Protein chains: 2
Amino acid sequence: MKLVDCSGKESCKEKTLAFRDAIELLGGKWKVFILQHLSFGTMRFKDLQETIVGISPKVLTKELQDLEQNHLITRTVNHTKPITVSYSLTPYAYETQAVYNALLEFGTKHRRKIKNK
Amino acid sequence: MKLVDCSGKESCKEKTLAFRDAIELLGGKWKVFILQHLSFGTMRFKDLQETIVGISPKVLTKELQDLEQNHLITRTVNHTKPITVSYSLTPYAYETQAVYNALLEFGTKHRRKIKNK
DNA sequence: CTGTATCCACCTTGATACTG
DNA sequence: CAGTATCAAGGTGGATACAG
């Protein structure tokens, strides 16, 4: 049995790179929290900062830029006074659903396994 | 729609922690390569070091210990002369299959999307 | 309000030499 | 052969002050 099937047309290297990309994109320290909260609806910068306890503005900015560059969220400037900015998930973000489901299932199982040891 | 369903008996926090655990466990820089190569069969330390180009012995040791502590691989000392050590996947390691499949699918799709931009 | 600038501490990775 | 010890370097995350 193989974890990665390298017999297809695409090279094995290409596939391992795809893994790393996906893990990097979804795997940061805060990405899950941000995406999760945004999946409940649009939020502003300040909302996110208050909801995600412990994150600094610099890091939040970086994570949001990262997600935006990868088309998982959209950033909208509201020309209010003072200016506010809204973040929300793109339809594309929901294509990560399968990944999250699989990670959730394995992670939950694994935590039980490790704890009961 | 929600990326994480927090309506069940288990708390939302517990679930996000499960994500992070899973991602940390599978997401290192070399983990995919190691698990992938081991999925083709048992390998010795030296084999891994030669196959996984660019990894230093220190890092390889650390990654292997990490995987062993999480029951994804087994470490077997062969009392040859000189001593050799074999590494192989545990049956449990194959429970990560769904995660890898999902990551592979999303990662491949994502690379195409980013590249065609 | 929404970030950016600055500075700092830590961790991870890495190269290399060395030990049992 | 299979690691460990040592030292260096870079990136990441974090606290805080400040700017537009």
Side-chain angles (χ1 to χ4, degrees), chain A residues 16-17 19-38 41-70 72-89, chain B residues 16-17 19-38 41-70 72-89:
Chain A
T16 47
L17 289 178
F19 280 120
R20 297 233 284 219
D21 280 5
I23 279 182
E24 253 176 62
L25 174 53
L26 304 174
K29 184 171 180 184
W30 303 104
K31 298 264 173 34
V32 176
F33 291 111
I34 294 173
L35 291 177
Q36 177 187 341
H37 289 303
L38 286 181
T42 292
M43 293 181 83
R44 292 188 327 193
F45 190 87
K46 197 196 173 213
D47 296 331
L48 285 167
Q49 202 177 353
E50 284 171 358
T51 309
I52 302 171
V53 180
I55 197 168
S56 72
K58 191 184 87 172
V59 174
L60 180 54
T61 300
K62 189 193 148 289
E63 299 284 278
L64 288 170
Q65 287 173 349
D66 210 21
L67 292 170
E68 191 196 2
Q69 276 168 28
N70 284 285
L72 294 181
I73 65 175
T74 56
R75 178 178 181 276
T76 310
V77 177
N78 310 305
H79 294 286
T80 51
K81 186 171 178 300
I83 282 176
T84 56
V85 180
S86 307
Y87 292 93
S88 56
L89 292 194
Chain B
T16 48
L17 289 179
F19 280 120
R20 297 234 284 218
D21 280 6
I23 280 183
E24 253 176 64
L25 174 53
L26 303 174
K29 185 171 179 183
W30 303 104
K31 299 262 173 35
V32 175
F33 291 110
I34 295 174
L35 291 176
Q36 177 187 340
H37 288 303
L38 286 182
T42 293
M43 293 181 82
R44 291 189 326 194
F45 190 88
K46 198 197 173 212
D47 297 331
L48 285 166
Q49 202 177 354
E50 284 171 358
T51 309
I52 303 172
V53 180
I55 196 168
S56 70
K58 192 182 87 174
V59 174
L60 179 54
T61 300
K62 189 194 148 290
E63 298 285 277
L64 289 170
Q65 288 173 350
D66 210 22
L67 292 171
E68 192 195 1
Q69 277 168 28
N70 284 284
L72 294 181
I73 64 175
T74 55
R75 179 179 180 275
T76 310
V77 177
N78 310 306
H79 294 284
T80 50
K81 185 170 179 298
I83 282 176
T84 57
V85 179
S86 306
Y87 292 93
S88 56
L89 293 193

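Values reported hereafter were calculated over all heavy atoms of this structure, with side chains retained and with hydrogens, waters and symmetry mates removed. To find a chain, count down the sequence lines: A is the first, B the second, and so on, and within it residues start at 1. Values in this document were obtained by computation on a predicted structure and should not be read as measured data.
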Practice task
Please state how far atom CD in E50(A) lies from atom C1' in dT2(C), giving the value in whole angstrom units.
Solution key: 13 Å

Exercise for the section: With DNA chain D as reference, determine whether S56(A) or I83(B) sits nearer its 5' end, using the nearest nucleotide of each. Expected result: I83(B)

Handout entry: Any Q65(B) side-chain N or O less than 4.0 Å from OP1/OP2 of dA2(D)
Key = no

Problem - Given dT4(D), dT2(C), dA2(D), the nucleotide with the shortest approach to the side chain of T61(B) - result: dT4(D)

Exercise for the section: Sequence neighbours left out, what passes salt bridge (Lys or Arg N to Asp or Glu O under 4.0 Å) with K62(B)? Give chain and number order. Expected result: none

Practice task
Ignoring backbone atoms, test whether Y87(A) places a side-chain nitrogen or oxygen under 4.0 Å from the OP1 or OP2 oxygen of dG3(C).
Solution key: yes

Exercise for the section: Hey, can you tell me if F33(B) and W30(B) have their rings parallel, tilted or perpendicular (30° and 60° cut-offs)? Expected result: tilted

Handout entry: d(CD1, I52(B); P, dA2(D)) in whole Å
Key = 14 Å

Practice task
Return yes if some donor-acceptor pair links the side-chain N/O of D66(A) with the main-chain N/O of E63(A) below 3.5 Å, else return no.
Solution key: no

Problem - Distance, rounded to the nearest Å, where L60(A) contributes CG and dG13(D) contributes P - result: 12 Å

Fill in the blank from the handout: Between NZ of K81(B) and P of dG20(C) the distance, given in whole Å, is 17 Å

Handout entry: Residue pair T42(A) / S86(A), side-chain donor-acceptor N/O under 3.5 Å
Key = no

Exercise for the section: Measure from the side-chain heavy atoms of P82(B) and tell me the nearest of dG3(D), dC7(D), dC1(D). Expected result: dC1(D)

Exercise for the section: Compare side-chain N and O positions of W30(B) against OP1 and OP2 of dG14(C) and report whether any pair is under 4.0 Å apart. Expected result: yes

Handout entry: Closest to side chain of K46(A), choosing from dA2(D), dT6(D), dC1(C)
Key = dC1(C)

Exercise for the section: Considering just the side-chain nitrogens and oxygens of R75(A), establish if one lies under 4.0 Å of OP1 or OP2 belonging to dG3(C). Expected result: yes

Exercise for the section: Rounded off to whole Å, could you give me the CD-to-P distance for the Q49(B) and dT13(C) pair? Expected result: 16 Å

Problem - Distance, nearest 0.5 Å, that separates CZ of R20(A) from OG1 of T16(A) - result: 7.0 Å

Practice task
Give the nucleotide from the list dC1(D), dT13(C), dG3(D) with an atom nearest to the side chain of E63(B).
Solution key: dT13(C)

Fill in the blank from the handout: Rounded to whole Å, CG of D66(B) lies from C1' of dT13(C) at a distance of 14 Å

Handout entry: Contact under 4.0 Å: K62(B) side-chain N or O vs dG14(C) OP1/OP2
Key = no

Exercise for the section: Round to the nearest Å and state the distance from I55(A) atom CD1 to dG3(C) atom P. Expected result: 13 Å

Handout entry: Out of dA5(D), dG3(D), dC1(D), whichever nucleotide has its closest atom nearest the side chain of K58(B)
Key = dA5(D)

Exercise for the section: Calculate the interatomic distance between K29(A) atom NZ and dT12(D) atom C1'; express it in whole Å. Expected result: 10 Å

